[in-house]
Amino acid sequence: MGKLRHSSKLLAEFVAFARENKVYWIVPLVLILGLTAVLVFTTQTATPLIYTLF
């Protein structure tokens with residue numbers, strides 16, 4: 001639960017940085033990188049299960 005809280009604070013800090021410096025292009029970049037990290041993490045944990053099915 002602590003990692004989730006830390007991640008939400010980090011995301012809020014990025015959004016505040018984008019608003020203050022008017023660099024709105026950084027928000028989608030951070031979101032895409034975060035979603036890619038989640039995708040890699042979930043596929044790594046699901047790989048052994050998929051191998052046992054086939």
Side-chain angles (χ1 to χ4, degrees):
M1 191 68 178
K3 289 183 182 181
L4 183 61
R5 195 172 307 144
H6 176 69
S7 298
S8 65
K9 286 182 182 179
L10 184 64
L11 184 61
E13 196 168 319
F14 272 121
V15 171
F17 172 79
R19 282 184 184 162
E20 184 176 322
N21 295 316
K22 296 189 178 16
V23 285
Y24 300 112
W25 55 268
I26 202 168
V27 175
L29 180 69
V30 169
L31 289 175
I32 289 172
L33 288 173
L35 289 173
T36 304
V38 168
L39 180 68
V40 167
F41 179 73
T42 56
T43 56
Q44 283 181 350
T45 57
T47 303
L49 177 65
I50 292 171
Y51 285 145
T52 58
L53 293 176
F54 298 105

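Side-chain atoms are counted along with the backbone in the values below, which use heavy atoms only and exclude waters and symmetry mates. Note that the coordinates shown come from a computational prediction; the quantities given were computed from them, not determined experimentally. Sequence positions, counted from 1, serve as the residue numbers for this chain.
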May I ask whether L33 and L11 are part of the same hydrophobic cluster, defined by side-chain heavy atoms of I, L, V, M, F, W, Y residues being less than 4.5 angstrom apart, directly or through others?
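Yes, it is one cluster - the side chains of L33 and L11 are joined through contacts under 4.5 Å.
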
Among the clusters formed by ILVMFWY side chains lying less than 4.5 Å apart, do W25 and I32 turn up in the same one?
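Shared cluster, no.
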
With sequence neighbours left out, what residues match I26 under side chain to side chain contact (heavy atoms under 4.5 Å, CB included)?
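Per chain and number, I26 pairs via side chain to side chain contact (heavy atoms under 4.5 Å, CB included) with F17, A18, V23, V30.
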
